[in-house]
Amino acid sequence: MKKSKTINNELNPIWNEHFEFVVEDPLTQHLVIKIYDDEGLQAAELIGCAHVRLNELEPGKVKDVWLKLVKDLEIQRDQKNRGQVHLELLYCPYGTTNGFSNPFADNVQLTSLEKVLKSGAEAAQNGGEINRRKDVIVRGVLSVTVISAEDLAPTDLMGKADPYVVVTMKKTETKNKTRVVPESLNPVWNQTFDFVVEDGLHDMLILELWDHDTFGKDYMGRCILTLTRVLMEGEYKEIFELDGAKSGKLNLHLKWAPQPLYRDS
């Protein structure tokens, strides 16, 4: 069992926490997720739960899922809306030889600079072992192409919208914005933005869709992505459902250019 940190006074929390479990039998085991409300001095109250069967995971492939929360996993008569939980899952079997690697593994190569910093940290701890996984910093340039959106929910009385996308890297809060496409529920942007990423394993990409209005702007939904998949695959295209929207999908192309690794002479 693993436990996340508590986020106070928030109905749309973002944890971005990574946990690892040893799997004994992927054909029969499953992962159970329980969301609690921290009541302080009182016992925490269960908000809802969900589960994932491990036999649904393809080895070496990142699976991005939204799971509906229910009151009880055994009794399926719960119709109350308890929210959803957003997971990124990666199953890495032992002894595989098909070329994929776990980017969180402790044998990820370090650049020369990182090796110096790591050895310095170890010396500071009197030679004690240090968890390399937390010290590995994956640097590079992330190229995000916002291709298009489809089936957006209308925001004005005429049944239209004037959508644009704000693209943000969470750690640095670096932002870019697409142009506004007037009167369209199926806009096409085909705009590419490059971000310098200092810590790819622990950063997040947030894409928020907005409707441009003369007197303000209306929120139309968002997508939240870690960089795990693009770090593993180097490049991919995907259509993502918009979270927090009645309808709509966002079509993206992500590409990763890693910082070169320097060999010790």
Side-chain angles (χ1 to χ4, degrees), residues 12-16 61-66 84 86-90 103 138-259:
N12 296 284
I14 299 176
W15 288 280
N16 194 26
K61 292 291 185 181
V62 175
K63 186 177 181 69
D64 188 279
V65 293
W66 282 93
Q84 299 180 85
H86 187 192
L87 302 177
E88 178 188 86
L89 304 163
L90 174 61
V138 180
R139 296 186 181 93
V141 176
L142 177 68
S143 295
V144 181
T145 301
V146 184
I147 301 173
S148 62
E150 55 188 82
D151 193 29
L152 299 179
T155 59
D156 60 30
L157 297 177
M158 303 298 292
K160 295 286 187 180
D162 305 314
Y164 66 95
V165 180
V166 177
V167 188
T168 306
M169 293 305 304
K170 185 169 173 31
K171 275 205 162 187
T172 59
E173 297 186 353
T174 308
K175 296 188 178 185
N176 280 295
K177 186 168 69 173
T178 69
R179 63 181 176 272
V180 176
V181 177
E183 299 186 352
S184 177
L185 300 180
N186 297 282
V188 177
W189 292 282
N190 274 325
Q191 288 183 259
T192 301
F193 306 102
D194 290 337
F195 296 91
V196 176
V197 179
E198 290 293 335
D199 187 3
L201 289 181
H202 303 101
D203 213 336
M204 301 186 80
L205 180 66
I206 301 176
L207 301 104
E208 294 180 307
L209 208 68
W210 296 89
D211 171 45
H212 176 75
D213 193 287
T214 305
F215 303 104
K217 57 184 181 180
D218 295 314
Y219 179 70
M220 300 182 70
R222 69 179 181 180
C223 291
I224 302 175
L225 307 172
T226 73
L227 308 190
T228 310
R229 181 177 172 186
V230 75
L231 290 177
M232 292 181 66
E233 299 184 14
E235 181 177 7
Y236 71 89
K237 287 184 179 181
E238 190 69 76
I239 298 175
F240 295 94
E241 298 276 351
L242 285 174
D243 174 42
K246 293 180 180 178
S247 65
K249 299 177 182 178
L250 195 57
N251 188 8
L252 303 175
H253 178 196
L254 272 61
K255 188 173 183 179
W256 176 255
Q259 172 183 316

Checklist entry - Lys175 and Thr168: which non-hydrogen atoms are nearest, and at how many Å? => result CG-OG1, 3.4 Å
Checklist entry - Val196 versus Thr174: any side-chain heavy-atom pair under 4.5 Å? => result no
Checklist entry - What closest approach, in Å, do Arg222 and Ile14 show between heavy atoms, and which atom pair accounts for it? => result NH1-CD1, 4.1 Å
Checklist outcome for this item: Scanning both residues in full, the closest heavy-atom pair of Ala153 with Met220 reads O-CE, 3.6 Å
Next on the checklist: To check you understand the geometry: which heavy-atom pair defines the closest contact between Met204 and Thr226, and what is its length?
Outcome noted: CE-CG2, 4.3 Å
Checklist outcome for this item: Between Leu185 and Pro154 the two heavy atoms that sit nearest each other are CD2-CA, 3.8 Å
Item to check | Backbone of Ala149 reached by a side-chain donor or acceptor of Asn251 within 3.5 Å | outcome: no
Checklist entry - Going from CZ on Arg139 to CG on Asp199, what distance comes out if it is rounded to the nearest 0.5 angstrom? => result 8.5 Å
Checklist entry - Under 4.5 Å between any side-chain heavy atoms of Glu235 and His253, yes or no? => result yes
Item to check | Steps toward side-chain contact (heavy atoms from CB on, under 4.5 Å) verdict (Asp203, Phe195) | outcome: CA-CA 11 Å; Asp203 213 336; Phe195 296 91; over 6 Å; no
Checklist entry - Which residues pass the ring-ring contact (aromatic ring centres under 6.0 Å, His included) test with Trp15, sequence neighbours left out? => result none
Checklist entry - What's the verdict on side-chain contact (heavy atoms from CB on, under 4.5 Å) for Asp64 and Arg229, showing C-alpha distance, side-chain angles and the deciding distance? => result CA-CA 9 Å; Asp64 188 279; Arg229 181 177 172 186; over 6 Å; no
Next on the checklist: Under a 3.5 Å distance rule, please check whether Asp162 uses its side chain to pair with a backbone N or O of Asp211 as donor and acceptor.
Outcome noted: no
Next on the checklist: Just checking Lys171: does its NZ atom have more than 12 heavy atoms from other residues, nucleotides or ligands closer to it than 6.0 angstrom?
Outcome noted: yes
Checklist entry - Do Lys170 and Asn16 have side chains that get closer than 4.5 Å, going by heavy atoms? => result no
Item to check | Distance (rounded to the nearest 0.5 Å) between Ile224 CD1 and Glu88 CD | outcome: 12.0 Å
Item to check | Worked verdict on Asp213 versus Thr155 for side-chain contact (heavy atoms from CB on, under 4.5 Å) | outcome: CA-CA 10 Å; Asp213 193 287; Thr155 59; over 6 Å; no
Checklist entry - Would Asn176 and Gln191 satisfy side-chain contact (heavy atoms from CB on, under 4.5 Å), going step by step from the backbone distance to the final call? => result CA-CA 10 Å; Asn176 280 295; Gln191 288 183 259; over 6 Å; no
Checklist entry - How about Leu242 and Cys223: do any of their side-chain heavy atoms sit closer than 4.5 Å? => result yes
Checklist entry - Should Leu225 and Glu238 count as side-chain neighbours, where that means a heavy-atom distance under 4.5 Å? => result no
Checklist entry - Do Leu90 and Met232 touch side chain to side chain, with heavy atoms closer than 4.5 Å? => result yes
Next on the checklist: So which atom in Trp256 and which in Val138 form the shortest heavy-atom distance, rounded to 0.1 Å?
Outcome noted: CZ2-CG1, 3.9 Å
Checklist entry - Any idea how Trp66 and His86 line up, ring-wise: parallel (<30°), tilted (30 to 60°), or perpendicular (>60°)? => result parallel
Checklist entry - In Å and rounded to the nearest 0.5 Å, what is the CG to CG distance from Asp218 to Leu209? => result 11.5 Å
Checklist entry - What distance do Ile147 atom CD1 and Leu252 atom CG have between them, rounded to the nearest 0.5 Å? => result 7.0 Å
Next on the checklist: Please check: side-chain N/O of Ser247 versus main-chain N/O of Asp151, any donor-acceptor pairing under 3.5 Å?
Outcome noted: yes
Next on the checklist: Do Val165 and Pro187 have side chains that approach each other closer than 4.5 Å (heavy atoms only, starting at C-beta)?
Outcome noted: no
Checklist entry - Distance from Lys249 atom NZ to Glu241 atom CD, nearest 0.5 Å? => result 5.0 Å
Checklist entry - Taking the side chain as C-beta and beyond, is there a heavy-atom pair between Val144 and Met169 under 4.5 Å? => result no
Item to check | Expected output: side-chain Trp189 to main-chain Tyr164 donor-acceptor under 3.5 Å | outcome: no
Checklist entry - For the side chain of Ser184 and the backbone of Asn186, is there at least one donor-acceptor N/O pair under 3.5 Å apart? => result yes
